[in-house]
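What follows is a single structure, written as structure tokens, with notes after it.
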Amino acid sequence: MSSFKHSRPKGTQDFAPPQSDRKHRVEELFRHLAGLYGFQEIVIPVFEHTEVFIKSTGVGSDIVTKQMYTFKDRAGRSLTLRPEGTPGVVRAALENRVRMPCRLFYLGPYFRYERPQKGRTREFNQLGIEALGEASPLVDAEIIGFGDSFFRELGIADCTIQLNSIGCRECRPLYRQNLVGFLTRHRDELCNDCHVRLERNPLRVFDCKNSACQNLLAQAPKPREHLCSECDRHFSEVREALNRQGLQYELNDRLARGLDYYNRTTFEYLSGRLGAQDSLGGGGRYDYLVEEFGGPETPATGLAIGLDRTMLAMPELEQNKRRRLAFVVWMSDAELEPARKLLDQLRAEGIPARMDFDAGRPKRQFKLADAAGASCCVIVGPDELTRGVYSLKDLLTGEQTEVPVNTIAIQVRALLRD
RNA sequence: GUGAGUGUAGCUCAACUGGUUAGAGCACCUGACUGUGGCUCAGGAUGUUGGGGGUUCAAGUCCCCUCACUCACCCCA
């Protein structure tokens, strides 16, 4: 179509203005909220030794078996672009001897090789928090509340919370055994996809949309009926805490979480505005992961938010055409240097400012200022200079006044808009 | 990895069953306005119809291949 030869790799995305501004705004809200809840940022590599993900995410999981960007570096080491955040965070917390309990947040790009569709790209952005060393069900509820506040703050109205408990080391295998037994007895009634699920990840049959399967599943053993007494108590306390916090949620037996390290509480935020990939974020408890990395027994809970999906679900805040920017306009060569000095002065005062050095004609400069979305123009002309003033034009209203040079910063600041 | 759909100007889309020089709106550029953006008016520029091959007197239109995008399965953030 165009003569431009290069396009971005499949499944990647560009954030050009104004999308980049929107992204930044969401990230800033996340940082702010995370700070309010006592989380501190941890910055970790974008790639890890491949084993980090295999061990934690699970050898049988889809992520590990077919979605990882794995490569060998020049010394033959197997490395993998991170497909998710939690394993790297746990690895880093242990490696840095971070004192437990600790609360960490992180954000950045993640990579999974999948067929792109709405809300699913190969490079995507995640915002995550992890509470390491906290066992209380109140922490689960607190984290669920964190996500709820986050989405609410962004004006995502139709966000629902789904909740489940998948048990622990003790009760999960029993349940799984039960379910597999049930499904195997009714094997003929299951669809082909479910036969595959039965082998690979039995809990996944609950996701099947086939009505015959659904009917059968109504009689299948339910995960929550098989919780051991401790898991059962933990789960009730999570629910009671959510009720006290005034959070609405739905119980969902089918919420299994595809990663191996989860136990007990799992939850997910769903939005109706997203299409098939309707999960805005999700998380749960992972009390065994730290141990698996060779650390001490450490309970943990976390949450990961899909930034890209969040941006899809966010209402288009009708953005002001005017930005926080002043534009300095000059008339002839004689004013070029005074105008440039003014530019420096404005910036020194903390006012974002630009000018057009190429311009010959003022008309062009005003056009540029308008196109750049500037809030105002400061006009430096021969008349103004001889009288010790600048002309200041409000680009929103069109009003223009003359202001003394020594008050320019104050006057400009008053006109800046976001 | 599987399936379906779509590719025409920077963007959104036209072009009757194959028919002659592929159009419109928005955006863009120029001027009216040599010290003033938006609004108005007048004018202007723009395409290997995604790419390659084939059928035909003739292909944007039909067929094959390929690439890209989109949606869904799957999976998850």
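A, B, ... follow the sequence lines: proteins, then strands. Residue 1 opens every chain. Just so it is clear, the values below take in all heavy atoms, side chains as well, and ignore hydrogens, waters and symmetry mates.
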Exercise. Below 3.5 Å, does any donor atom in the side chain of A:Glu114 face an acceptor in the base of B:A77, or the other way round?
Worked result: yes

Exercise. According to the Watson-Crick and G-U wobble definitions, with both distances under 3.5 Å, which nucleotide is paired to B:A27?
Worked result: none

Exercise. Atom CZ of A:Phe327 and atom P of B:G35: how far apart are they, to the nearest Å?
Worked result: 18 Å

Problem set entry | Spacing of the C1' atoms in B:A32 and B:C39 (rounded, Å) | 14 Å

Exercise. For the side chain of A:Arg120 and the base of B:C75, is some donor closer than 3.5 Å to an acceptor across the two?
Worked result: yes

For this session: Quickly work out the A:Arg364 CZ to B:G38 P distance and round it to whole Å.
Result: 15 Å

Exercise. What's the CD-P distance between A:Gln277 and B:U70, to the nearest Å?
Worked result: 13 Å

For this session: Please say whether the positively charged group of A:Arg122, taken as NZ for Lys or CZ for Arg, lies over the ring of A:Tyr113, i.e. under 6.0 angstrom from the six-membered ring centre and within 45 degrees of the axis.
Result: yes

Exercise. If pairing requires Watson-Crick or G-U wobble contacts with both distances under 3.5 Å, which nucleotide is the partner of B:U2?
Worked result: B:A72

Problem set entry | A:Arg273/A:Asp158 ion pair, N-O < 4.0 Å | no

Exercise. For atom P, what is the distance between B:U66 and B:A4, given to the nearest Å?
Worked result: 14 Å

Seminar exercise, completed: Among the nucleotides B:G35, B:U2, B:U36, whichever has the atom closest to the side chain of A:Arg115 is B:U2

Exercise. Do A:Phe47 and A:Tyr69 have ring centres separated by under 6.0 Å?
Worked result: no

For this session: Could you say whether A:Ala276 or A:Arg309 is positioned toward the 5' end of RNA chain B, judged by the nucleotide with the nearest heavy atom to each?
Result: A:Ala276

Exercise. When the C1' atoms of B:G35 and B:C26 are considered, how many whole Å apart are they?
Worked result: 31 Å

Exercise. Checking all strands, does A:Ala304 fall into the base, sugar-phosphate, or nothing category for heavy-atom contacts under 4.0 angstrom?
Worked result: sugar-phosphate

For this session: Determine the sole option in A:Glu268, A:Arg264, A:Arg224 for which the side chain to side chain donor-acceptor pair (under 3.5 Å) test with A:Asn164 is passed.
Result: A:Arg224

Problem set entry | Inter-nucleotide P distance (B:A59, B:G3), Å rounded | 32 Å

For this session: Write down the distance separating the C1' atoms in B:U2 and B:U17, rounded off to the nearest Å.
Result: 36 Å

Seminar exercise, completed: Here the distance between atom P of B:G37 and atom CG of A:Asp356, to the nearest Å, is 15 Å

Problem set entry | Contact under 4.0 Å: A:Gln117 side-chain N or O vs B:U70 OP1/OP2 | no

Exercise. Using atom C1' of each nucleotide, how far apart are B:A9 and B:A15 to the nearest Å?
Worked result: 15 Å

Problem set entry | Closest-nucleotide ordering on RNA chain B, the 5'-leading residue of A:Lys66 and A:Leu368 | A:Leu368

Exercise. When you look at A:Asp356 and A:Lys367, which way does the salt bridge (Lys or Arg N to Asp or Glu O under 4.0 Å) test go after all the steps?
Worked result: CA-CA 11 Å; A:Asp356 176 23; A:Lys367 265 197 137 125; over 6 Å; no

Problem set entry | Under-4.0 Å salt bridge between A:Asp344 and A:Arg340 | yes

For this session: Can you establish whether the number of heavy atoms outside A:Gln177 located under 6.0 Å from its atom CD is more than 12?
Result: no

Problem set entry | Nucleotide forming a Watson-Crick or wobble pair with B:G35, both distances under 3.5 Å | none

For this session: Would you indicate what A:Gln67 reaches in the nucleic acid, counting non-hydrogen atoms under 4.0 angstrom: base, sugar-phosphate, or nothing?
Result: sugar-phosphate

Problem set entry | Contact under 4.0 Å: A:Arg112 side-chain N or O vs B:G1 OP1/OP2 | no

Exercise. If the P atom of B:G7 is compared with that of B:G50, how far apart are they to the nearest Å?
Worked result: 8 Å

Problem set entry | Sugar-phosphate, base or nothing in reach of A:Asp308, heavy atoms under 4.0 Å | nothing

Problem set entry | Phosphate OP1/OP2 of B:C69: any A:Lys10 side-chain N/O under 4.0 Å | yes

For this session: Counting Watson-Crick and G-U wobble pairs only, both distances under 3.5 Å, name the nucleotide matched with B:U56, or none.
Result: none

Exercise. For the pair made of CG in A:Leu385 and C1' in B:G35, what is the distance, rounded to whole Å?
Worked result: 13 Å

For this session: Answer with base, sugar-phosphate or nothing: what part of the nucleic acid does A:Glu399 contact at a heavy-atom distance below 4.0 Å?
Result: nothing

Exercise. Looking only at N and O atoms, is any donor in the side chain of A:Gln400 or the base of B:U36 less than 3.5 Å from an acceptor on the other one?
Worked result: yes

Exercise. Under a 3.5 Å cut-off for both distances, is B:G7 Watson-Crick or wobble paired, and to whom?
Worked result: B:C67

Exercise. Contact class for A:Lys393 (heavy atom, under 4.0 Å): base, sugar-phosphate, or nothing?
Worked result: base

For this session: For A:Gly398, answer base if it contacts any base atom (sugar-phosphate contacts may also be present), sugar-phosphate if it contacts only those atoms, and nothing otherwise; contact means non-hydrogen atoms under 4.0 Å.
Result: base

For this session: Please measure how far the C1' atom in B:G18 lies from the corresponding atom in B:C74, and state the result in whole Å.
Result: 41 Å

Exercise. If we call it a pair only when both distances are under 3.5 Å in a Watson-Crick or G-U wobble match, what pairs with B:U20?
Worked result: none

Exercise. Would A:Tyr110 pass as stacked on B:A77, i.e. its ring centre under 5.5 Å from the base's six-membered ring centre and planes under 30° apart?
Worked result: no

For this session: Please say whether the positively charged group of A:Arg82, taken as NZ for Lys or CZ for Arg, lies over the ring of A:Tyr110, i.e. under 6.0 angstrom from the six-membered ring centre and within 45 degrees of the axis.
Result: yes

Problem set entry | Whole-Å distance separating the NZ atom of A:Lys367 from the C1' atom of B:G37 | 8 Å

For this session: Remember a base hit wins even if backbone is also touched, and classify A:Lys363 as base, sugar-phosphate or nothing at under 4.0 Å, heavy atoms.
Result: base

Problem set entry | Rounded distance in Å - NZ (A:Lys118) to C1' (B:U6) | 16 Å

Exercise. Base, sugar-phosphate, or nothing for A:Ile379, non-hydrogen atoms under 4.0 angstrom?
Worked result: base

Exercise. So what does A:Gly119 hit on the nucleic acid, given a heavy-atom distance under 4.0 Å: a base, only sugar-phosphate, or nothing?
Worked result: base

Exercise. Should A:Arg152 and A:Asp148 count as an ion pair when the cut-off is N to O under 4.0 Å?
Worked result: yes

Exercise. Watson-Crick or G-U wobble partner for B:G47, using a 3.5 Å limit on both distances?
Worked result: none

Seminar exercise, completed: Atom CZ of A:Arg122 and atom C1' of B:G1 are separated, to the nearest Å, by 11 Å

